[in-house]
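Below, each value reflects all heavy atoms present in this structure, side chains not excepted, and no hydrogens, waters or symmetry copies. Just so we're on the same page: letters track the sequence lines, and every chain starts at 1.
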Amino acid sequence: MVDYLPEAIEARWQAAWNDAAVFESEVDSSRPKFYCLEMFPYPSGQMHMGHVRNYSIGDSMARFRRLAGFNVLYPMGYDSFGMPAENAARKMGGHPHDVTWSNIESIRSDLKRMGFSYDWRRELATSDSSYYRWNQWIFLKFHEMGLVERRTAPVNWCDDCDTVLANEQVKNNRCWRCAGEVRQKDMAQWFLKMTEYADELLDSLEGIEFPENVKAMQRNWIGRSHGVDIHFPIVDSDEVIQAFTTRPDTIFGVTFVTLAPEHPLCEDLVKGTEFEADYRELADECAKISEFDRINMLRDKKGVFLGRYATNPLTGESVPIYAGNFVVASYGTGAVMAVPGHDQRDHDFAKKYDIPIVQVLSEEQNKDPKVTGRAFEGLGWMVNSGRDGFDGLYGDEAKATVIGTLEAESMGSGTIQYRLKDWLLSRQRFWGTPIPFIHCESCGVVPVQDADLPVELPLDVVFTEGESGNPLASHDGFVNTSCPSCGGAAKRETDTMDTFYDSSWYFLRFADALNNTAPFDKINADYWMEDGVDLYIGGIEHAVMHLLYARFFTKALRDAGLNDVSEPFSRLVCQGMVNAPTPFCVDCNVEYHVDLEGSPCPTCGNALGSRSAKMSKSLGNTVSPEIMIEKYGADTVRLFILFGANPEAGMDWSDSAIESNHRQMRAIHASLLQGIENQSDAGEMDEWLLARARRAQSDWANNMADVSLRDGVMISHFEMVADWQWAQRRGGVSANAGREYLMNWIPMLYPATPHLAEETWRMLDNKEMLAETVLNFDRPVGESDSIIIGREEYLKRVVDRARSVRELAERHIEGELSAVTIQTAHVWKVELSSQAIEMHDGDFDFKEGGNKFLQSQQCFQDESTKGDVMQFWRALVVGQKKRRGRIHTWGNQERALVSSRFDEVAFISENADFIASALGIGTVEVYRAGEGEDVAGKARTSLPLEPGIAWR
RNA sequence: GCAGGGGUUCCCGAGUGGUCAAAGGGGGCGGACUCAAGAUCCGCUGUCAAGCGCUUCGCAGGUUCGAAUCCUGCCCCCUGCACCA
């Protein structure tokens with residue numbers, strides 16, 4: 001037999017697929033399409049296990065869908081703009097372009113070595129001007145649509161990255177990329193008005209198949225809250241404070257109003273008064289620390305009275321105005337109506353500054369509110385309202401009535417607030433898409449003409465270590481230009497685009513990647529993107545950033561008329577982490593670098609244990625895909641990845657598990673060769689094996705269609721081998737049946753381990769490669785299969801049960817066991833059973849008519865067995881204690897077997913030799929209960945499919 | 001605090017009313033083959049008095065003829081958001 005040699009097999013088929021261009025796909029409206037996409041990689045160097053996992057999942061789905069007849073679009077590209085290449089260029093004194101391209105080449109060869117079935121013609125790199133020119137083109141389109149805005153605003157600045165960041169890219173006040181601290185800075189920046197799509201982005205989440213947590217994160221991020229802007233006129237002034245609240249039902253409990261210290265009214269109110277000094281102190285303090293710290297680090301709420309009063313618009317009461325450090329200027333209106341009776345934060349503040357607390361909602365209808373010493377924040381019934389017509393109202397009705405009154409009196413209006421902000425997309429960095437605008441002293445900020453696109457990044461830029469700032473700004477050849485409008489001397493914008501911009505539409509570009517007259521053609525986009533990308537696979541880390549931007553882009557481009565689709569991804573699968581063991585100190589709860597394995601904990605000195613942690617360079621617990629491929633072959637790595645865990649679960653790297661998967665590949669290979677070389681004419685197990693194959697294939701196809709790859713692979717790569725081996729043990733299969741089995745099995749091996757599948761498919765003399773073969777997986781599984789499979793399971797069960805009673809028998813019997821005696825159930829039991837099954841299918845009421853039926857039966861007439869019959873009938877239709885009657889517990893397979901009057905005696909006799917050898921016993925006797933000696937009194941307890949088994 | 005997801009046998013993990021002492025894998029144990037090792041194959045892997053037995057699916061109750069599965073309360077873990085008015 002030939003050894004399993006993956007390198008040779010894999011190289012051969014990768015070349016064959018490539019030569020035949022089988023993975024290239026075109027628009028074909030006669031076939032159903034399947035767009036399979038993975039989040040494309042940032043080319044940081046070599047492929048890592050996270051990539052291997054992501055793309056192994058995608059590739060097996062793409063291959064599965066092709067096999068099932070879909071027209072599959074499965075492209076790959078590189079998200080190749082971004083800071084690491086720029087930083088590397090600085091360090092090594094090169095150009096980011098060169099760094100990027102050498103990385104792309106390295107990762108491409110890794111991808112090819114894994115055998116992923118991409119349509120390589122569509123390969124793209126976002127840092128290529130043939131791609132980013134369309135970034136610019138789209139930007140100008142958005143500008144025409146009024147979605148682009150340049151404005152001065154406080155923005156998030158990352159010192160380490162030397163650039164601004166969008167809100168989505170700041171996590172806990174730290175940069176998402178480098179984890180450096182972010183500070184606020186006022187700058188003129190470019191924004192995309194994503195907020196115009198806030199409602200659609202939120203509402204259409206309902207209809208797409210995203211994991212719940214991703215949807216929750218997006219909902220949370222968009223943060224829509226319905227409320228009302230209430231006007232609080234300032235006493236002795238024309239100014240009005242607009243306060244946003246979601247709880248207008250508490251308006252009668254307002255005892256003060258709080259402004260953010262940055263609120264412009266603060267200045268006006270305190271200027272020149274005795275309160276100015278205190279206010280200034282607070283404002284300065286707040287200005288010094290970031291908004292984040294103010295909100296997060298401040299446990300104590302601080303405020304200062306501003307010396308003035310505002311009027312409650314519904315009661316005319318005057319309430320003091322404070323500036324408070326806990327009020328966020330950028331949310332709502334930067335002013336809060338404070339209701340200490342029903343808001344804990346206001347309650348704390350009121351206590352501290354001795355402001356009255358008024359309760360205006362009651363927890364119980366028609367009762368006074370309980371005084372609890374804290375704020376009641378739930379919904380309640382209005383009480384103590386300062387005006388008639390409000391007391392007794394509850395919840396939404398209370399809110400609506402207040403809003404209605406305010407609107408009628410022009411003292412407020414219902415509004416919706418969002419947490420989502422416009423997307424700040426300019427970056428003060430070199431390695432990104434230049435923003436296609438020109439600054440002209442006389443015409444202002446002017447868009448570049450379409451005809452002048454692309455605005456290309458210059459290649460003659462020198463990067464030097466330690467230099468900060470954007471080298472574009474000092475590149476005269478780039479900066480100096482003429483105004484498209486007046487022709488005068490002008491300067492180019494030197495900010496570039498956030499790289500998330502690049503990935504916000506790349507899935508549309510893939511639909512028509514070679515187009516050089518438009519970003520993509522509508523016909524192509526509408527075909528491939530109908531109902532969105534059918535399967536999108538990637539990491540959870542982009543839940544709010546990339547996935548939200550891409551959804552926004554798709555809608556905005558739709559409104560620009562470029563495509564019909566509104567949601568880019570119809571089904572999202574976030575693959576879990578790949579973890580690996582790393583040293584861990586239980587006492588300190590700290591993970592350490594693998595170099596410390598075997599050493600004591602550097603902190604507490606105790607012995608280090610081990611636990612699974614995300615593979616990372618910093619822990620050193622990474623495993624190199626290249627080395628694994630070299631050692632075991634790509635197919636084994638793919639099998640390990642897919643079998644290790646279902647796509648969404650985390651998985652642990654294990655050396656012994658990949659070892660064991662490699663053994664499994666060899667076992668599969670050996671079984672396949674055995675099948676191919678099999679010359680046998682006789683095949684005792686033909687029927688069974690083929691029935692098993694039909695069932696397995698149907699289950700497998702269902703699992704695969706559902707992206708339950710682990711379950712699918714379990715069937716194709718484990719159960720199919722086990723069945724094959726069982727068939728060999730049980731008498732073997734004929735050459736023809738074996739071949740048919742392989743014809744079913746090999747395609748099932750193909751999605752996960754395509755190389756071995758293709759190799760053995762060819763050995764079966766198939767002319768077409770599996771890569772170009774279409775199969776029908778919807779074949780019905782017949783009832784006769786149930787009986788065939790059920791019989792074999794019956795045999796296994798008999799052997800199992802015989803084994804389990806053997807030990808007992810050995811204790812009871814002196815000397816060696818010589819025989820096993822199997823007594824199958826009495827004929828009348830089988831008859832009653834099949835009748836009961838039939839009756840049960842016809843919804844017979846056994847409680848009602850069971851006894852009457854039984855009395856009419858022949859077997860019931862014999863006084864000597866009457867008791868047994870009665871007892872059996874109960875076990876059959878009613879059951880006892882915990883176990884329900886057999887007609888309920890039997891599955892379809894058992895029922896079919898019993899109904900078919902399966903002859904247990906004949907079947908066991910035929911297989912007596914096998915049973916004897918499986919049990920290691922000389923003699924197997926079998927007869928129907930009552931037709932031979934009742935060994936160990938097992939005749940009575942025998943049931944259909946559960947014969948009495950005794951040893952002697 | 002809010003939102004989302006979890007807690008299953010030695011470990012990972014499937015299981016959403018009865019076919020469940022609970023798939024599959026890992027690990028462990030035993031056996032076959034072998035001079036030996038590896039590889040491969042087979043079996044066992046809650047418990048006992050071996051059964052219509054007993055105990056077990058985070059904890060405590062409840063519904064049901066019957067609960068890992070449904071309901072209520074509680075505890076714990078992970079993820080995201082957060083003085084958001």
Q: Could you go through nucleotides 40-43 of chain B and list every protein N or O atom that sits under 3.5 Å from one of its N or O atoms, giving the distance for each pair?
A:
residue	atom	partner	partner atom	Å
B:U40	OP1	A:Arg663	NE	3.1
B:U40	OP2	A:Arg663	NE	3.2

Q: Can you tell me the base-pairing partner of B:G17? Count Watson-Crick or G-U wobble geometry only, both distances below 3.5 Å, and say none if there is no partner.
A: none

Q: Hey, which of these two, A:Thr333 or A:Val544, hits RNA chain B nearer its 5' end, going by closest nucleotide?
A: A:Val544

Q: Determine the Euclidean distance between corresponding C1' atoms of B:G15 and B:U9; express it in Å to zero decimal places.
A: 13 Å

Q: Whole angstrom is fine here: how far is it from NE2 in A:His717 over to C1' in B:A23?
A: 19 Å

Q: For A:Gln417 and B:A85, give me the distance from atom CD to atom P, rounded to whole Å.
A: 10 Å

Q: Once salt bridge (charged side-chain N to carboxylate O under 4.0 Å, His left out) is applied, do any residues pair with A:Asp346, and if so which ones, sequence neighbours excluded?
A: none

Q: Tell me: NE2 of A:His542 to P of B:U79, nearest whole Å?
A: 18 Å

Q: Please state whether the rings of A:His662 and A:Tyr4 are parallel, tilted or perpendicular, taking 30° and 60° as the class boundaries.
A: tilted

Q: Send over the distance from A:Asp348 CG to B:A85 P, rounded to a whole Å.
A: 16 Å

Q: Mind checking the P distance from B:A14 to B:G7? Whole angstroms is fine.
A: 8 Å

Q: Taking atom C1' in both B:G24 and B:C75, what distance in whole Å separates the two?
A: 31 Å

Q: Please list, chain by chain and in numerical order, all residues satisfying ring-ring contact (aromatic ring centres under 6.0 Å, His included) with A:Phe244, sequence neighbours excluded.
A: none

Q: Starting the side chain at C-beta, find the nucleotide from B:A85, B:A82, B:G24 nearest to A:Val328.
A: B:A85

Q: How are the rings of A:His542 and A:His546 set to each other: parallel, tilted or perpendicular (split at 30° and 60°)?
A: perpendicular

Q: So, using side-chain hydrogen bond (donor to acceptor under 3.5 Å, both in side chains) as the criterion, who are the partners of A:Ser834 when residues are at least two apart?
A: A:Arg901

Q: Got a sec, which residues hit side-chain hydrogen bond (donor to acceptor under 3.5 Å, both in side chains) with A:Tyr418, two or more places apart in sequence or on another chain?
A: A:Asp199

Q: Can you run down the salt bridge (charged side-chain N to carboxylate O under 4.0 Å, His left out) pairs that involve residues 242-255 of chain A, sequence neighbours left out, and say none if there aren't any?
A: A:Arg247-A:Asp249

Q: Would a 4.5 Å heavy-atom cut-off, applied to side chains only, mark A:Val254 and A:Phe232 as touching?
A: yes

Q: Strictly by Watson-Crick or wobble contacts shorter than 3.5 Å, is anything paired with B:G1, and which nucleotide is it?
A: B:C81

Q: What's the CD-C1' distance between A:Glu377 and B:C84, to the nearest Å?
A: 13 Å

Q: Given the C1' atoms of B:G6 and B:G13, what is the spacing between them in whole Å?
A: 13 Å

Q: Taking only the C1' atom of each, what is the distance from B:G46 to B:A68 in whole angstrom?
A: 16 Å

Q: Please give the nucleotide sitting opposite B:U40 as a Watson-Crick or G-U wobble pair, both distances under 3.5 Å, or none.
A: B:A32

Q: A:Trp176: what forms a ring-ring contact (aromatic ring centres under 6.0 Å, His included) with it, not counting sequence neighbours?
A: A:Phe500

Q: What parts of residues 246-253 of chain A reach RNA chain B, counting only heavy atoms under 4.0 Å away?
A: A:Thr246, A:Arg247

Q: Taking only residues two or more places apart in sequence or in another chain, which ones pass side-chain hydrogen bond (donor to acceptor under 3.5 Å, both in side chains) with A:Asp229?
A: none

Q: How far does the P atom of B:U8 sit from the matching atom of B:A23, given to the nearest Å?
A: 16 Å

Q: Tell me the partner of B:U55, counting only Watson-Crick (N1-N3 plus N6-O4 or O6-N4) or G-U wobble (N1-O2 and O6-N3) with both under 3.5 Å; none if nothing fits.
A: none

Q: Considering only the C1' atoms, how many Å lie between B:G27 and B:G58, rounded to the nearest integer?
A: 24 Å

Q: A side-chain contact here means heavy atoms from C-beta on lying under 4.5 Å apart; do A:Leu548 and A:Leu420 qualify?
A: yes

Q: Contact class for A:Met217 vs. all strands (heavy atom < 4.0 Å): base, sugar-phosphate, or nothing?
A: sugar-phosphate

Q: Given atom CZ of A:Arg419 and atom P of B:A82, what is their separation to the nearest angstrom?
A: 5 Å

Q: Taking atom P in both B:C44 and B:G26, what distance in whole Å separates the two?
A: 15 Å

Q: Could you pull out all residues at least two apart from A:Trp700 that satisfy ring-ring contact (aromatic ring centres under 6.0 Å, His included)?
A: A:Phe64, A:Phe777

Q: Between atom CG in A:Leu361 and atom P in B:A85, what is the gap in whole Å?
A: 16 Å

Q: Applying side-chain hydrogen bond (donor to acceptor under 3.5 Å, both in side chains), name anything that partners A:Glu659, two or more places apart in sequence or on another chain.
A: A:Tyr632

Q: Which whole-number value in Å describes the distance from A:Phe232 CZ to B:A85 C1'?
A: 12 Å

Q: Treat primed atoms plus P, OP1 and OP2 as sugar-phosphate and everything else as base, then score nucleotides 2-14 of chain B 5' to 3': B for base contact with protein heavy atoms under 4.0 Å, S for sugar-phosphate contact only, - for none.
A: -SSS---------

Q: With nearest nucleotides of RNA chain B determined for A:Ile540 and A:Ser225 from heavy-atom distances, which residue corresponds to the more 5′ nucleotide?
A: A:Ile540

